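A quick write-up on the structure given underneath.
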Amino acid sequence: MRSLSWPAFLKNFPQGHLVTAVAVDVGADEIGSRRLRELRDLLHRVIGRRTSSGAFALTVSRAAGFPEILCGFEAQADADALAAVARAEQTDRYPGFASQRLFSLDTAMETALRAGLLSEGDIDQR
């Protein structure tokens, strides 16, 4: 998949598909922290390993009052793939996107995603 900056993604795909990771183990005051960047980079690697021709972008947001990593996708199938791996649930918190899902990126999910990178994408069902 082709990675874009968040502004470029929104410009090119204003009705894209969104999967949001709530970084539950990161405090609201840690927006620019190394920990949050590590989680964003983990998601980037997980998404980048999937085969697709669609574009994607990631950004960190605190608009909700707590850290979130927004993952935008050109193709719904790509958003569906991440949502399935992360067991994300539908939400309506982010108006303007064609589809939107949300999941908690806690320590257990982080461990499962890291394990999936080592095992060619397969993660256990925790």
Side-chain angles (χ1 to χ4, degrees):
M1 280 190 265
R2 181 173 45 111
S3 178
L4 301 174
S5 69
W6 190 252
F9 176 81
L10 292 178
K11 179 182 177 188
N12 291 311
F13 308 105
Q15 297 281 315
H17 305 275
L18 183 69
V19 179
T20 300
V22 177
V24 297
D25 296 332
V26 179
D29 59 339
E30 297 181 79
I31 282 296
S33 72
R34 181 178 185 198
R35 176 80 180 111
L36 195 53
R37 286 191 305 271
E38 288 173 353
L39 292 173
R40 181 200 60 211
D41 292 348
L42 170 63
L43 287 173
H44 194 277
R45 288 192 313 274
V46 168
I47 294 165
R49 293 201 51 187
R50 302 217 169 261
T51 305
S52 174
S53 59
F56 74 97
L58 287 90
T59 193
V60 174
S61 174
R62 66 174 176 201
F66 45 86
E68 298 178 309
I69 303 167
L70 307 180
C71 308
F73 296 91
E74 172 187 5
Q76 183 168 354
D78 298 333
D80 291 347
L82 177 60
V85 166
R87 295 181 294 283
E89 297 182 5
Q90 289 188 356
T91 185
D92 60 359
R93 289 176 35 183
Y94 311 91
F97 289 92
S99 67
Q100 38 185 307
R101 269 69 61 89
L102 181 74
F103 71 96
S104 293
L105 182 50
D106 56 14
T107 302
M109 179 57 69
E110 177 186 2
T111 300
L113 292 172
R114 287 188 190 284
L117 287 173
L118 297 173
S119 65
E120 302 303 319
D122 296 326
I123 66 172
D124 62 2
Q125 297 298 316
R126 293 179 194 222

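Predicted, not measured: the structure shown is a model, and the values here were computed from it.
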Do you know the tightest heavy-atom contact between [X] and [Y]?
{"X": "M109", "Y": "D106", "answer": "N-OD1, 2.9 Å"}
{"X": "H44", "Y": "L58", "answer": "CD2-CD1, 3.8 Å"}
{"X": "R93", "Y": "A64", "answer": "NH2-CB, 3.7 Å"}
{"X": "A57", "Y": "L4", "answer": "CB-O, 3.2 Å"}
{"X": "A98", "Y": "H17", "answer": "CB-CE1, 3.5 Å"}
{"X": "G54", "Y": "E74", "answer": "CA-OE1, 3.3 Å"}

- Message: Using side chain to side chain contact (heavy atoms under 4.5 Å, CB included), reason through F73 and D80 one step at a time and then give a plain yes or no.
- Response: CA-CA 9 Å; F73 296 91; D80 291 347; over 6 Å; no

Calculate, to the nearest 0.5 Å, the distance between atoms [atom1] and [atom2] belonging to [X] and [Y] respectively.
{"X": "T20", "Y": "L70", "atom1": "OG1", "atom2": "CG", "answer": "4.5 Å"}
{"X": "C71", "Y": "R101", "atom1": "SG", "atom2": "CZ", "answer": "11.5 Å"}
{"X": "L102", "Y": "E68", "atom1": "CG", "atom2": "CD", "answer": "6.5 Å"}

- Start with the C-alpha distance between L39 and V60, add both sets of side-chain angles, then the distance that settles side chain to side chain contact (heavy atoms under 4.5 Å, CB included), and finish with yes or no. CA-CA 10 Å; L39 292 173; V60 174; over 6 Å; no

- Message: Quick one, F97 and L10 - any side-chain contact, counting heavy atoms below 4.5 Å?
- Response: yes

- With side chains defined as the heavy atoms from C-beta onward, is the minimum distance between V46 and L42 less than 4.5 Å? yes

- Query: Does the side chain to side chain contact (heavy atoms under 4.5 Å, CB included) test come out yes or no for L43 and L105, once each step is laid out?
  - Reply: CA-CA 10 Å; L43 287 173; L105 182 50; 4.1 Å; yes

- Hey, does the side chain of R40 reach the backbone of I69 with a donor-acceptor pair shorter than 3.5 angstrom? no

- Message: Go through it in stages, so that I can follow the logic: the residues are I47 and D78, the test is side chain to side chain contact (heavy atoms under 4.5 Å, CB included), and I'd like the CA-CA distance, side-chain angles, deciding distance and then a yes or no.
- Response: CA-CA 8 Å; I47 294 165; D78 298 333; over 6 Å; no

- Is it true that E110 and R35 have a side-chain N and a carboxylate O under 4.0 angstrom from each other? yes

